[in-house]
Q: 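The structure follows.
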Amino acid sequence: MVPSQEAHKLVLSFADDELCVGQNHSWWIAIGPFLEEDLAFTSIAQDELGHARALYSLLSDDIDQLAYGRDHSEYRSAHITEFLCHDWSSALVRHVLHDMAEQVRWSALTNSSWTELGNTAQRALAEENFHLQHGLSLLRRLLSSDEGRKRLEPVVLELAPYGREYFADSDQELMDNGLLTVSMADQERIWVDQVLEVFDEFNITVDMSEETQGSGRSGIRSNDFATLHDEMTAVIQIDPHAQW
Amino acid sequence: MTITQSDLETVRSAVGSVKDPEYPDLTINQLGILENVVIDASSIRVDLVPTILGCPALGIIEEDVKAAARGLGHEVAVRFCRSPVWTPDRISEDAQQILANEYTIAITPRSGRTQCPVCGTTSLEKRSDVGPTACRSVHWCANCRNPIEVVRSREASDQ
């Protein structure tokens, strides 16, 4: 049983974020920059889709309907997860920003008063260490080269502020009933500090002071969402009763 | 029909013998995927622990478990548990031997360095975070010069 409407919204936001990132990552299958990265990125996509499935299943038995059958305005995904990132540099930066946020978000749920959600968070967190370790080590190696820095720095500056939207859910009620154990404001602060620290190593100063740029939590989709949604629902549109 | 303790035992043994789709020599019991067989609302429920949440084989395992129970005349429900968290040390000793000998797959130990399943040294060097499946990384043994796969632990300390 979902404890409340606010709890439903929180889980749906997280699930939609995971679905969009998983779908976007999967576009790199077979075209990753080198074989090992292709395999790793694909596996991370698989994990994120698995997390989406686990979260949706807390809300409904019909997870396909939740994942694919809603009106665009009913999705709650943060815009940073919807961006198509057709350049490898932006795909990599989004991967790192997303996984840093995931660490913080899952950690805020492991002791949730909603036991099933807490267990899901512990289960997911166990898979996340590898994602972040992988993404950060590659990012650091690339930022250490002139070419890598030239291509990555503008993307970091552009994408990072969008990540603040990960923490744009309302949390008063969730904090009061122990469903969430770290407030959204504190989660955001932890994430921002970690992001600033990572890029500070390379003397890249990210300006996070701007107002949150996305508005995905309130039902407004980014320009890229329609393309993403068409792709992920291509099969179900052809055959709504397909079994796989 | 009343379910007896011996019914549960028979079902447990049958579903425990279901082969894992990725390792056809090993059963879900040996791999630590089978958690429990219990009576739930006057029917039998099988609790399974997924190795990873995004495992694409979950649907196959669920169908195979139901079919194994059906073979004994029992309809069972299958539940994938979020708790406990699956870790490589849930793999039984004998299964770890089969993985080492037949597949050259090593398991990250709780403490200490991972041993090469071919030569027994700890000369493994990581070559790729991910191998043929999401839960295994690929290493190279600098001593016996064999490619080795390692089942990743939850801490990812499979170095």
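Being a predicted model, the structure only gives us computed values, none of them experimental.
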Q: Calculate, to the nearest 0.5 Å, the distance between atoms OG and CG belonging to A:Ser137 and B:Asp129 respectively.
A: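 With rounding to 0.5 Å, OG (A:Ser137) is 6.5 Å from CG (B:Asp129).
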
Q: Among B:Ser83, B:Pro132, B:Gly59, which has the most heavy-atom pairs under 4.5 Å with chain A?
A: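 Max contact count across the listed options: B:Ser83.
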
Q: Contact part of B:Cys81 toward chain A, heavy-atom cut-off under 4.5 Å: side chain, backbone, both or neither?
A: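 No part of B:Cys81 comes within 4.5 Å of chain A.
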
Q: Should we say atom CD of A:Glu201 is surrounded by more than 12 heavy atoms from elsewhere, each under 6.0 Å from it?
A: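 Atom CD in A:Glu201 is crowded, with more than 12 foreign heavy atoms closer than 6.0 Å.
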
Q: Should we count CZ of B:Arg90 as having more than 12 external heavy atoms under 6.0 Å?
A: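 Atom CZ in B:Arg90 is packed in, count exceeds 12.
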
Q: In Å, rounded to the nearest 0.5 Å, how long is the span from CD of A:Glu18 to CG of B:Leu53?
A: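 Taking CD in A:Glu18 and CG in B:Leu53, the distance rounds to 10.0 Å.
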
Q: Got a sec: does the CG of B:Asp94 have more than 12 other heavy atoms crowding it under 6.0 Å?
A: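 It does: B:Asp94 CG has more than 12 such atoms within range.
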
Q: Which bit of B:Pro56 is near chain A, if near means a heavy-atom gap under 4.5 Å: side chain, backbone, both or neither?
A: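 Both parts, backbone and side chain.
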
Q: Are any non-hydrogen side-chain atoms of B:Ile52 and A:Gln46 less than 4.5 angstrom apart?
A: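 Counting from C-beta outward, B:Ile52 and A:Gln46 do come under 4.5 Å.
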
Q: Around atom CD of A:Gln237, are there more than 12 heavy atoms of other residues, nucleotides or ligands at under 6.0 Å?
A: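 More than 12 within 6.0 Å, yes.
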
Q: So which part of A:Ala124 gets closer than 4.5 Å to some heavy atom of chain B, the side chain, the backbone, both or neither?
A: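 The answer is both parts of A:Ala124.
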
Q: Nearest 0.5 Å please: distance from the CZ atom of B:Phe80 over to the CZ atom of A:Arg123.
A: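 Rounded to the nearest 0.5 Å, the CZ-CZ separation comes to 12.5 Å.
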
Q: To the nearest 0.5 Å, what is the distance between CG on A:Leu39 and OG on B:Ser137?
A: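 If we round to the nearest 0.5 Å, A:Leu39:CG and B:Ser137:OG are 12.0 Å apart.
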
Q: Testing the basics here: between B:Val85 and A:Ala126, what is the closest heavy-atom pair and its distance to 0.1 Å?
A: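 B:Val85 and A:Ala126 have their closest heavy atoms at CG1-CB, 4.0 Å.
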
Q: Measure the shortest side-chain to side-chain distance between B:Arg82 and A:Ser57 over non-hydrogen atoms and say whether it is less than 4.5 angstrom.
A: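 Yes, at least one pair of side-chain atoms sits under 4.5 Å.
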
